[in-house]
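Here is the structure we will look at, set down as structure tokens.
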Amino acid sequence: MALCQQLAHALLAYYDKHARSLPWRGENDLYRIWISEIMLQQTGVSAVEKYYPKFLSHFPDVQTLAQAPLQSLLLHWQGLGYYQRAHHLHRAAHYIIQEWQGILPEERELWLKVPGVGPSTASAILAIGRNQPHAILDGNVKRVLARFLALQESIDGRSGQKILWQAAARLTSKIRPGDYAQAIMDLGATVCTRTQPRCDQCPWQMACVACNAGNPSAYPLRNTKKAKPNKCEVALLFYNSEDKFYFEQRSEKGLLASLWQPCSLPWSADRARPDAATIRSLVQESFAGHVEGAVELLTPVEHLFTHFKLTVYPYRFRVHRLFERAPYCWLPQVEWAQLPMATLHQKVMHSSLITKPLPG
DNA sequence: AATTCGTGGAC
DNA sequence: TGTCCAAGAAT
């Protein structure tokens with residue numbers, strides 16, 4: 001146990017010299033720390049830096065967050081990914097006001113009741129915000145500890161994670177757990193990196209089993225991932241006589257939850273791209289719609305999601321009499337630019353308008 | 001326990 | 001080009 005605290009001390013000494021300067025460092029407002037931890041889930045620091053200040057200026061406290069429309073949260077979240085997090089934040093704000101009169105909890109067990117807050121995030125919030133002695137276990141810590149222990153088990157499996165949690169708890173500083181949590185994440189991000197770890201700069205070099213064995217890059221072990229299937233969609237960019245475009249809102253659950261998009265239909269990945277005539281009959285059959293003028297074939301958009309690859313074939317044309325699928329809206333460009341939309345659909349809409357102005 | 005959730009940068 | 005993966009949680 002004494003050895004563990006020596007290691008913690010060495011890491012803290014490293015941190016005192018080399019800590020990264022980040023917008024959420026030095027905060028003691030649990031609300032602001034909470035927001036940062038949610039944004040940082042599976043998301044790079046450089047991406048979060050672009051969203052964190054704006055989000056906080058629009059939603060400076062729990063009350064503001066709860067009172068804001070979900071669409072407003074999603075708009076400030078768009079492009080950041082994992083949109084369920086924005087839904088969780090909204091639900092969480094209501095929950096905190098309902099159950100705790102808007103006061104953020106100071107106990108880990110209570111934070112675990114908050115939607116979107118799991119074991120590592122709950123620990124991080126109270127370690128960083130209140131210097132409580134909780135251990136975190138994120139991607140950085142898993143990599144650092146797997147190398148430190150030369151862990152022969154996958155960090156994805158139950159047994160491997162159990163070992164890692166125990167190691168994380170033992171190694172955490174009892175005096176400065178908040179700084180320790182940020183220090184070990186910094187270490188993983190800047191020294192114990194995925195490729196080409198800089199072991200010569202590591203405060204744990206002498207005790208690291210993998211480094212002493214000369215093969216730190218062999219760790220961590222991971223489960224084999226299955227291949228990403230190819231999927232395909234047709235995007236129908238309807239516009240009317242007022243040059244307003246048609247949009248639909250996605251389901252409030254699942255992929256890109258509650259975001260807006262042009263009308264989209266699944267298309268078998270092994271079928272060729274449909275031609276103009278096929279699109280005309282498709283619109284007639286599926287929407288009782290009538291295409292006026294030419295069907296424009298726009299540039300296909302490819303997009304990589306976490307577990308599949310998507311190709312979108314966009315088409316643009318004027319329609320007359322359309323069976324609409326609620327929830328929907330017709331908006332001119334200046335207004336649909338304010339709809340929360342995924343990066344994928346921004347790409348689709350962007351290419352369709354910038355490269356080709358509306359005919360007539 | 002295994003999947004499902006985005007996006008962009010590094011290599 | 002493809003592959004990996006980042007302050008994980010929910011289901």
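Every chain is numbered from 1, with letters handed out A, B, ... down the list of sequences.
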- Counting only heavy atoms not in K347(A), do more than 12 fall under 6.0 Å of its NZ? yes

- If the P atom of dG8(B) is compared with that of dA9(C), how far apart are they to the nearest Å? 23 Å

- Against the side chain of T306(A), the closest entry in dG8(C), dG6(B), dC4(C) is dG6(B)

- Task: Take the protein atom CZ of R194(A) and the nucleotide atom P of dT3(C), then report the distance between them rounded to whole Å.
- Result: 13 Å

- Would you indicate what I38(A) reaches in the nucleic acid, counting non-hydrogen atoms under 4.0 angstrom: base, sugar-phosphate, or nothing? nothing

- Message: Measure CD/Q196(A) against P/dG9(B) and give the value in whole Å, please.
- Response: 20 Å

- Item | Test salt bridge (Lys or Arg N to Asp or Glu O under 4.0 Å) applied to D16(A) - qualifying residues, sequence neighbours left out | R176(A)

- Task: Within residues 73-94 of chain A, find the residues that approach DNA chain C with a heavy atom at under 4.0 Å, and present them sorted by residue number.
- Result: H88(A)

- Item | Residues within residues 222-231 of chain A bordering DNA chain C, heavy-atom distance below 4.0 Å | R222(A), K225(A)

- Query: Does K347(A) or K253(A) map to a spot on DNA chain B nearer the 5' end, using the closest nucleotide for each?
  - Reply: K253(A)

- Round to a whole Å and report the spacing from CD1 of I155(A) to C1' of dA6(C). 12 Å

- Message: Using OP1 and OP2 only, check whether a side-chain N or O of T343(A) sits under 4.0 Å from dT7(B).
- Response: yes

- Sugar-phosphate, base or nothing in reach of A342(A), heavy atoms under 4.0 Å: sugar-phosphate

- Task: For a ring pair (Phe, Tyr, Trp, His ring centres under 6.0 Å) with F247(A), tell me which candidate from Y239(A), F238(A), W336(A) qualifies.
- Result: W336(A)

- For I175(A), does the CD1 atom sit with more than 12 other heavy atoms under 6.0 Å from it, leaving out its own atoms? no

- Check: W100(A) ring centroid to Y95(A) ring centroid under 6.0 Å: yes

- Task: For the pair W330(A) and F245(A), evaluate ring-ring contact (aromatic ring centres under 6.0 Å, His included) and give the outcome as yes or no after the intermediate values.
- Result: CA-CA 5 Å; W330(A) 291 91; F245(A) 279 84; 8.6 Å; no

- Query: Which part of the nucleic acid, if any, lies within reach of V117(A) when heavy atoms closer than 4.0 Å are counted: base, sugar-phosphate only, or nothing?
  - Reply: sugar-phosphate

- Task: Report yes if at least one side-chain N or O of H303(A) is closer than 4.0 Å to OP1 or OP2 of dG6(B); otherwise report no.
- Result: no

- If you take atom types as modelled and just measure distance, does the side chain of T43(A) reach the base of dG6(B) with a donor-acceptor pair under 3.5 Å? yes

- Query: Contact class for Q41(A) vs. all strands (heavy atom < 4.0 Å): base, sugar-phosphate, or nothing?
  - Reply: sugar-phosphate

- Query: Contact class for T121(A) vs. all strands (heavy atom < 4.0 Å): base, sugar-phosphate, or nothing?
  - Reply: sugar-phosphate

- Query: For the residue pair F59(A) and H76(A), is the inter-centroid distance of their aromatic rings smaller than 6.0 Å?
  - Reply: yes

- Between dT7(B) (P) and M39(A) (CE): distance, integer Å: 15 Å

- Message: Is the terminal nitrogen or CZ of R20(A) (NZ for Lys, CZ for Arg) located under 6.0 angstrom from the six-membered ring centre of Y15(A) and within 45° of that ring's axis?
- Response: no

- What is the distance from CZ of F305(A) to P of dG8(B), rounded to the nearest Å? 11 Å

- Message: By the 4.0 Å heavy-atom rule, please label G254(A) as base, sugar-phosphate, or nothing.
- Response: sugar-phosphate

- Task: Ignoring the backbone of R143(A), work out which of dC11(B), dA6(C), dG6(B) is nearest its side chain.
- Result: dA6(C)

- Classify the ring geometry between Y246(A) and Y328(A) as parallel (under 30°), tilted (30 to 60°) or perpendicular (over 60°). parallel

- Note on the structure: Whichever of V114(A) and L40(A) has the more 5' nearest nucleotide on DNA chain C, that residue is L40(A)

- Message: One thing to verify: whether D186(A) and R25(A) come together as a salt bridge, which I'm taking to mean a side-chain N less than 4.0 angstrom from a carboxylate O.
- Response: yes

- Task: Calculate the interatomic distance between F308(A) atom CZ and dG6(B) atom C1'; express it in whole Å.
- Result: 10 Å

- Task: Measure the distance from CZ on R198(A) to P on dA10(B) and round it to the nearest whole Å.
- Result: 12 Å

- Query: Would Y83(A) and F305(A) show up in the same hydrophobic cluster when neighbours are defined by side-chain heavy atoms closer than 4.5 Å?
  - Reply: yes

- Message: Just the rounded figure in Å: distance from P of dG6(B) to NZ of K50(A).
- Response: 18 Å

- Query: What distance, rounded to whole Å, do you find between the two P atoms, one in dG2(C) and one in dC5(B)?
  - Reply: 22 Å

